[in-house]
Amino acid sequence: MAVEKTLSIIKPDGVAKNIIGKIISRFESQGFCIAAMRMQKLSLQEAEGFYAEHRERAFFADLVKYMTSGPVILMVLEGEDAVAKNREIMGATDPKKAAEGTLRRDFADSIEANVVHGSDSPQSACREVSYFFRKSEILRPCCGGQCGCKS
Ligand code: AMP
């Protein structure tokens, strides 16, 4: 299996609920390495650009408003099969449909306030990681440059 990078965001509800540590602990205990991390309040432009693929969706304005409502934690996770594995740990987008033991099943309140974001493919992971992090900010690249992204 390939070593990959994936972008993880602890959304404003996860930060507000004071469960940053619990969430990170799940990632670490499942074998992920945190290669980069920072807390930030996203600007409107940053959130709109990040979710640009959803621009035409009915929920776009609410999503952007919600993602800019409070600080988030931005992280680059690395590990084998990181993109798929992270999505498994997060659970389905709608917490009502999320499997037992997943982050969203355990901590999320709604499809919007669903605690975490994770890249949905290795291609979007490369885009999303470089959207928020310069190469020089990835201070602990555990894969030693083996993980597919060009930048
Ligand atoms: P995704 O790019 O699939 O992760 O979707 C981005 C985010 O948009 C999700 O994590 C949800 O918070 C939100 N979202 C997705 N689908 C819906 C929906 N049908 N209604 C409201 N929010 C949604």
Side-chain angles (χ1 to χ4, degrees), residues 1-28 30-134 137-138 147-151:
M1 243 176 282
V3 175
E4 295 172 339
K5 283 190 182 78
T6 191
L7 185 83
S8 170
I9 305 178
I10 303 180
K11 294 186 179 186
D13 56 315
V15 174
K17 284 178 171 170
N18 230 12
I19 53 171
I20 296 168
K22 282 186 182 161
I23 293 171
I24 290 177
S25 162
R26 289 215 189 167
F27 291 138
E28 290 186 329
Q30 303 271 339
F32 280 112
C33 157
I34 296 168
M37 178 164 73
R38 73 170 177 274
M39 183 183 274
Q40 187 181 324
K41 195 161 183 292
L42 299 183
S43 69
L44 208 61
Q45 278 146 313
E46 280 170 324
E48 283 176 350
F50 183 71
Y51 282 119
E53 66 176 301
H54 295 309
R55 193 171 284 279
E56 305 306 323
R57 310 284 289 274
F59 60 80
F60 180 73
D62 282 345
L63 175 62
V64 166
K65 190 172 168 201
Y66 163 64
M67 288 300 287
T68 56
S69 66
V72 298
I73 304 288
L74 304 168
M75 286 181 284
V76 179
L77 305 179
E78 281 190 8
E80 291 206 345
D81 204 19
V83 173
K85 199 164 158 188
N86 181 34
R87 291 182 74 78
E88 214 177 288
I89 294 169
M90 291 192 302
T93 307
D94 181 351
K96 290 196 228 79
K97 296 179 184 156
E100 259 180 59
T102 61
L103 288 169
R104 285 167 170 161
R105 173 71 171 259
D106 290 347
F107 301 123
D109 293 330
S110 69
I111 195 165
E112 184 175 76
N114 63 357
V115 174
V116 277
H117 164 88
S119 311
D120 66 4
S121 68
Q123 292 71 27
S124 35
C126 290
R127 181 190 84 83
E128 292 181 359
V129 165
S130 59
Y131 188 83
F132 283 121
F133 291 95
R134 288 192 296 272
E137 293 177 307
I138 301 176
C147 46
C149 296
K150 297 275 184 289
S151 54

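A quick note: this is a predicted structure, and the numbers were derived from the prediction, not measured. Atom set for the values below is all heavy atoms of this structure, side chains included, hydrogens, waters and symmetry mates excluded. All ligand and atom numbering here is 1-based and tracks the order in the structure.
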Option whose closest heavy atom lies nearest to atom 14 (N) of ligand 1, chosen from Y66, F60, F59: F59

Proximal candidate to atom 11 (C) of ligand 1 [heavy atom criterion; set V115, D62, V116, I111]: I111

Nearest to atom 10 (O) of ligand 1, what protein heavy atom do you find, and at what distance? K11 NZ, 2.9 Å

Suppose we measure from atom 4 (O) of ligand 1 to each protein heavy atom; which comes out shortest, and what is that distance? H117 ND1, 3.9 Å

Testing I73, I23, I9 one by one against V116 for a side chain to side chain contact (heavy atoms under 4.5 Å, CB included), which residue passes? I23

Between the side chain of [X] and the main-chain N/O of [Y], is any donor-acceptor distance below 3.5 Å?
{"X": "R127", "Y": "F50", "value": "yes"}
{"X": "E78", "Y": "C33", "value": "no"}
{"X": "Y66", "Y": "D13", "value": "yes"}
{"X": "R105", "Y": "A99", "value": "no"}

The complete set of salt bridge (Lys or Arg N to Asp or Glu O under 4.0 Å) pairs with one or both residues in residues 31-55, sequence neighbours excluded, reads R38-E137

So, is [X] polar-close to ligand 1, with some N/O to N/O distance under 3.5 Å?
{"X": "L63", "result": "no"}
{"X": "N114", "result": "yes"}
{"X": "T93", "result": "no"}

Using a 4.0 Å cut-off to any heavy atom of Y51, which atoms of ligand 1 qualify? 6 (C)

Any non-hydrogen atom of H54 lying under 4.0 Å from ligand 1? yes

Would you call D106 and R26 a side-chain contact if the rule is heavy atoms closer than 4.5 Å? yes

